Undergrad: 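Here you go, one structure.
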Amino acid sequence: MAYNASEAVTSGEYNQLWHRCWSESRTLWDKGDVSPALRELIDEKGWELPRGRGIVPGCGRGYDAMFLARPGLVMVGADLSQIAVEAATKLRDEKGVPADLVEFKLLDFFAFDVPAGGYQVAYDYTFLCALHPTMRSAWGARYADIMSPGGHLIALMYPLVKAEADRDRGPPFLLSEDDYRQALGDSFELIHIDPSCKTHDSRVGEEVITVWRRK
Ligand SMILES: C[S@@+](CC[C@H](N)C(=O)[O-])C[C@H]1O[C@@H](n2cnc3c(N)ncnc32)[C@H](O)[C@@H]1O
């Protein structure tokens, strides 16, 4: 099911799309592993993450949330779909990742109670493109609300638009670097960008990793 960017849609209607994808096992976005750019940033480039609490909205099967979880950084993977939450929890237990380091929760990113002190780390990948374009400014405002000053939002920008690309139908809705700047620019400072980051094989040229610091 696809939407037009110009189509009026309530979030309730739009969210049904994701429930349907999961219940019909249509999860073609799922690469079955941590995103190479994230692994490279942390393991090879040694990016220092703040300690505290982290969140991965729209976590799907949770590979990235599990990767980021470590002593000193307790992660939550959040998804709208109960099926996703159960699949991620099962995978975590199969992999032996400690449950006290990463928890998967049934949450709507836009409507849940933020713990006192907010989040110090967030990771966004295949999430902004999953949202209807009318939700982009709310997406940026929500990150500003939930993150503490100095917190790091790692946004793996994807799928970056190619010339002539049709930006109007999705999900995934194609994006540009400017879309991220517009949504985050007021409350976040861009502190890292790597256009040469590693990518999934089928996404070469479509991904650029960035880190934004909450002002
Ligand atoms: C394209 S999938 C990406 C999943 C995962 N990040 C990955 O790369 O495998 C988008 C995910 O976002 C979830 N989602 C969509 N809207 C959401 C919302 N408002 N709050 C939380 N999760 C949401 C969907 O259920 C789906 O699992």
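For ligands, and for the atoms within them, numbers begin at 1 and follow the listed sequence. Quick caveat, the model's predicted, so the values are computed rather than measured.
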Undergrad: When you measure from atom 10 (C) of ligand 1 to every protein heavy atom, which one gives the shortest distance, and what is it?
TA: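 Minimum-distance protein heavy atom for atom 10 (C) of ligand 1 reads Thr126 O, 3.7 Å.
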Undergrad: Does Thr27 have a non-hydrogen atom less than 4.0 Å from ligand 1?
TA: no
Undergrad: With nothing but distance in play, are any N or O atoms of Asp30 less than 3.5 Å from an N or O of ligand 1?
TA: no
Undergrad: Would you check the N or O atoms of Leu80, main chain and side chain alike, for any that come under 3.5 Å of an N or O of ligand 1?
TA: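 Such a contact does occur with ligand 1.
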Undergrad: If the threshold is 4.0 Å, N to carboxylate O, is there a salt bridge linking Lys215 and Asp186?
TA: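 Here Lys215 does not pair with Asp186 in a salt bridge, since their nearest N and O are not under 4.0 Å apart.
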Undergrad: Atom 23 (C) of ligand 1: which of Trp29, Phe127, Phe112, Trp18 has the nearest heavy atom?
TA: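 Looking at heavy atoms only, Phe127 sits closest to atom 23 (C) of ligand 1.
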Undergrad: So is Phe109 polar-close to ligand 1, meaning N/O to N/O under 3.5 Å?
TA: yes
Undergrad: What protein heavy atom lies closest to atom 24 (C) of ligand 1? Include the residue and the distance to one decimal.
TA: Asp79 OD1, 3.5 Å
Undergrad: Contact between ligand 1 and Tyr14 is defined here as a heavy atom of the residue under 4.0 Å from a ligand atom; is it met?
TA: no
Undergrad: Flag Tyr63 as yes when one of its N or O atoms lies below 3.5 Å from any N or O atom of ligand 1, and as no otherwise.
TA: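 Among all N and O atoms of Tyr63, none is under 3.5 Å from an N or O of ligand 1.
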Undergrad: Checking the N or O distance criterion of under 3.5 Å, is ligand 1 in contact with Ala84?
TA: no
Undergrad: Should you measure from each heavy atom of Tyr125, which atoms of ligand 1 turn up under 4.0 Å away?
TA: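 It comes down to these atoms of ligand 1: 6 (N).
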Undergrad: For atom 12 (O) of ligand 1, what is the nearest protein heavy atom, given as residue, atom name and distance?
TA: Gly58 CA, 3.3 Å
Undergrad: Do you know which of Val211, Ile55, Leu184 makes side-chain contact (heavy atoms from CB on, under 4.5 Å) with Leu153?
TA: Leu184
Undergrad: For His152 together with Trp212, are the ring centres under 6.0 Å from each other?
TA: no
Undergrad: Where does Cys59 meet ligand 1, judged by heavy-atom distances below 4.0 Å: at the side chain, the backbone, both, or neither?
TA: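 It is the backbone that gets close, since no side chain atom is under 4.0 Å.
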Undergrad: Is the ring pair Trp29/Trp18 parallel, tilted or perpendicular, if the boundaries are 30 and 60 degrees?
TA: perpendicular
Undergrad: Please identify which of these residues, Tyr125, Tyr158, Tyr123, Tyr63, meets the side-chain hydrogen bond (donor to acceptor under 3.5 Å, both in side chains) condition with Ser35.
TA: Tyr123
Undergrad: Any salt bridge between Lys90 and Glu86, counting N to O under 4.0 Å?
TA: no
Undergrad: Does Lys198 come within less than 4.0 Å of Glu44, counting only side-chain N to carboxylate O?
TA: yes
Undergrad: Pairs of nitrogen or oxygen atoms closer than 3.5 Å, one from Asn15 and one from ligand 1: do any exist?
TA: no
Undergrad: Salt bridge between Asp79 and Lys105, side-chain N to carboxylate O under 4.0 Å?
TA: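 Answer for the salt bridge query: no.
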Undergrad: Which bit of Val56 gets closer than 4.0 Å to ligand 1, counting heavy atoms only: side chain, backbone, both or neither?
TA: neither
Undergrad: Answer yes or no on whether Arg214 is positioned over the face of Tyr143, meaning its NZ or CZ is under 6.0 Å from the six-membered ring centre and within 45° of the axis.
TA: no
Undergrad: Kindly confirm or rule out a cation-pi arrangement of Arg142 over Phe110, judged by NZ or CZ under 6.0 Å from the six-membered ring centre and within 45° of its axis?
TA: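 No, cation not above the ring by the 6.0 Å, 45° rule.
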